[in-house]
2 protein chains.
Amino acid sequence: MKFLEENLLDHLQRPEFADLFSALSPRAYSKGAYLSQPGHGENLIFIMASGRVRVYLGYEEKEFNLGILTKGDIYSTHTRTFVQALEDIEILVTDVATFRRNMVKDPEVTAAMVRVLGNILKTSFSIIDGLVFKDANSRLVALLAGEARKHGVESEAGIKVSTHLSVEQLARLVGSSRQTVSTLLGDLVRAGLLVRSGRGIFIIPDLLLLESVGGVEHS
Amino acid sequence: MKFLEENLLDHLQRPEFADLFSALSPRAYSKGAYLSQPGHGENLIFIMASGRVRVYLGYEEKEFNLGILTKGDIYSTHTRTFVQALEDIEILVTDVATFRRNMVKDPEVTAAMVRVLGNILKTSFSIIDGLVFKDANSRLVALLAGEARKHGVESEAGIKVSTHLSVEQLARLVGSSRQTVSTLLGDLVRAGLLVRSGRGIFIIPDLLLLESVGGVEHS
DNA sequence: TCTGTTTTGTCACCTGGGTGACAGTTTTTA
DNA sequence: TAAAAACTGTCACCCAGGTGACAAAACAGA
């Protein structure tokens, strides 16, 4: 998740930023705690000092991960996202007014913001992609193909994808039901587009062929 | 869409940025032309000099507006979004490497990027919100209520919303069909939650009541 | 190897909503 | 003001996919 080599924290600790740095007050959260939730809470800006937090959109039933924030990342508590500590963490907070007055002039700070926002934006596009494909089959195929492209291992029978996910988890990922995904996977296997070799392990003989099955909804 | 008062263009034209400014080459596009489309094209950064462009996500059938860029806004051609000129426009372009080398150190530039990304991110959250509600009724109600909150005018019979949209356009916005939306609107009127007073004009007697009908899917 | 637990495949059933069709209404245009 | 075009409401029909149920299979311990 890094563009710039330099770490923002180190940057801010340099002597010339002493006054600026002092405007930040440290806070600690323990694993699982929420730094912010949509709706309630103050309007603050925070910088990650240590640990990792997860940023996600949450609805009644579903959650969508937007990204993980690590040391040096900047984010706000005043968004419609949930921000949850994945482990015990420390952050530096300041209110928006102070932040805008003092820190927006610092390119390191704004560059960090651009980096974070850019990444979250990118994942949010992916989420939209996933939601737009109307039928479950397209989404399932897209997920499998995507996984194959990212983590697939070439083998003699085809590309081996080892997501160690049960059908149920797969279903949740594509926003469908266990039963439907089970049937869909069965169909793909019967069509020879997919081979299952154990729980959560798939082999794709022909990726392009598989992809051509999903989403090509000519009207 | 502005945070900072100062205009980026003026900022860049000040003498101390002469060399930086010269790294930007001007381009013009006429109304309706695409500055970039997902997939093809170069990887450039551009700054709006004049006119307005629309940034949107496009799929086979649907489009989602992400925002409008105006003078001083910065964006990239290398995204999964479409960028289309809404009128005759002028922009200043540079390649990513140059941009990163010269301009990322300028807080005005990065602040402009933060502003643009932040806004696009916010609308993309709204898009996700809209897509997550599974049933057409929730989405329709959410749209109407949202519109009422933003552009509604108080009147004696309730809040008057004058979206001059046909049922068909409304349908496209909520990702449903003309017929379904027609029926749904009829239901709302029959339930007394909505009054239609002419094409594309609605009166909402009780906004809270209307909102309570959409989306409250207790399980 | 036997047994309880988790994961799967499949079926029958039901609902939301897309589609085409068509009539009635409103608006535009000549 | 008559004719054409654009909207709107409804209906019958159909399909994707969610749900509950249940049996088969796979696994994990002991």
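In what follows, chains carry the letters A, B, and so on, assigned in the order in which the sequence lines appear, proteins first and then strands, with residues in each chain numbered from 1.
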Participant: Could you state the NE2-C1' distance from A/His164 to C/dT6, rounded to the nearest angstrom?
Facilitator: 17 Å
Participant: For the pair made of CD in B/Glu168 and C1' in D/dA6, what is the distance, rounded to whole Å?
Facilitator: 10 Å
Participant: Whole angstroms only, please: what is the CG-P distance between B/Leu165 and D/dA6?
Facilitator: 17 Å
Participant: When you check the phosphate oxygens OP1 and OP2 of D/dA6, does a side-chain N or O of B/Ser166 lie under 4.0 Å from one of them?
Facilitator: no
Participant: Return the orientation label for the A/Phe82 and A/Tyr34 ring planes: parallel under 30°, perpendicular over 60°, tilted otherwise.
Facilitator: perpendicular
Participant: Tell me: CG of A/Asn137 to P of D/dG18, nearest whole Å?
Facilitator: 12 Å
Participant: Under the side-chain contact (heavy atoms from CB on, under 4.5 Å) rule, what do B/Val153 and B/Ile159 come out as? Steps first, then yes or no, please.
Facilitator: CA-CA 5 Å; B/Val153 181; B/Ile159 301 170; over 6 Å; no
Participant: Going by modelled atom types, is there a donor-acceptor pair between the base of C/dG17 and the side chain of B/Gln179 at under 3.5 Å?
Facilitator: no
Participant: Hey, which sits more toward the 5' end of DNA chain D by its nearest nucleotide, A/Val181 or A/Gly198?
Facilitator: A/Val181
Participant: Check this for me: does the side-chain of B/Arg178 come within 3.5 Å of the base of C/dG18 through a donor and an acceptor?
Facilitator: no
Participant: Between B/Arg199 and D/dT8, is there a side-chain N or O to OP1/OP2 distance below 4.0 Å?
Facilitator: yes
Participant: Please tell me which of the listed nucleotides, D/dG17, C/dG18, C/dT8, lies nearest to the side chain of A/Ala136?
Facilitator: D/dG17
Participant: Identify which one of B/Asp135, B/Val141, B/Leu140 satisfies the side-chain contact (heavy atoms from CB on, under 4.5 Å) criterion when paired with B/Ser138.
Facilitator: B/Asp135
Participant: How many whole angstroms separate atom CG of A/Leu170 from atom C1' of C/dT7?
Facilitator: 13 Å
Participant: Just how far, in rounded Å, is P of C/dG17 from CG of B/Leu185?
Facilitator: 14 Å
Participant: Between atom CG in A/Leu140 and atom P in D/dA16, what is the gap in whole Å?
Facilitator: 16 Å
Participant: In whole angstrom, what separates B/Arg139's CZ from C/dG16's P?
Facilitator: 14 Å
Participant: From the list C/dT8, C/dG18, D/dT10, which nucleotide is the closest neighbour of the side chain of A/Arg196?
Facilitator: C/dT8
Participant: Given side-chain hydrogen bond (donor to acceptor under 3.5 Å, both in side chains), test A/Ser177 with A/Thr180 step by step and report yes or no.
Facilitator: CA-CA 5 Å; A/Ser177 72; A/Thr180 302; 2.9 Å; yes
Participant: Answer yes or no: is there a donor N or O on one side and an acceptor on the other, between the side chain of B/Arg199 and the main chain of B/Ser166, under 3.5 Å?
Facilitator: no
Participant: If you find the nucleotide of DNA chain D closest to A/Thr180 and the one closest to B/Gly186, which residue's nucleotide is nearer the 5' end?
Facilitator: B/Gly186
Participant: Does a side-chain N or O of B/Ser177 approach OP1 or OP2 of C/dT19 to a distance below 4.0 Å, or not?
Facilitator: no
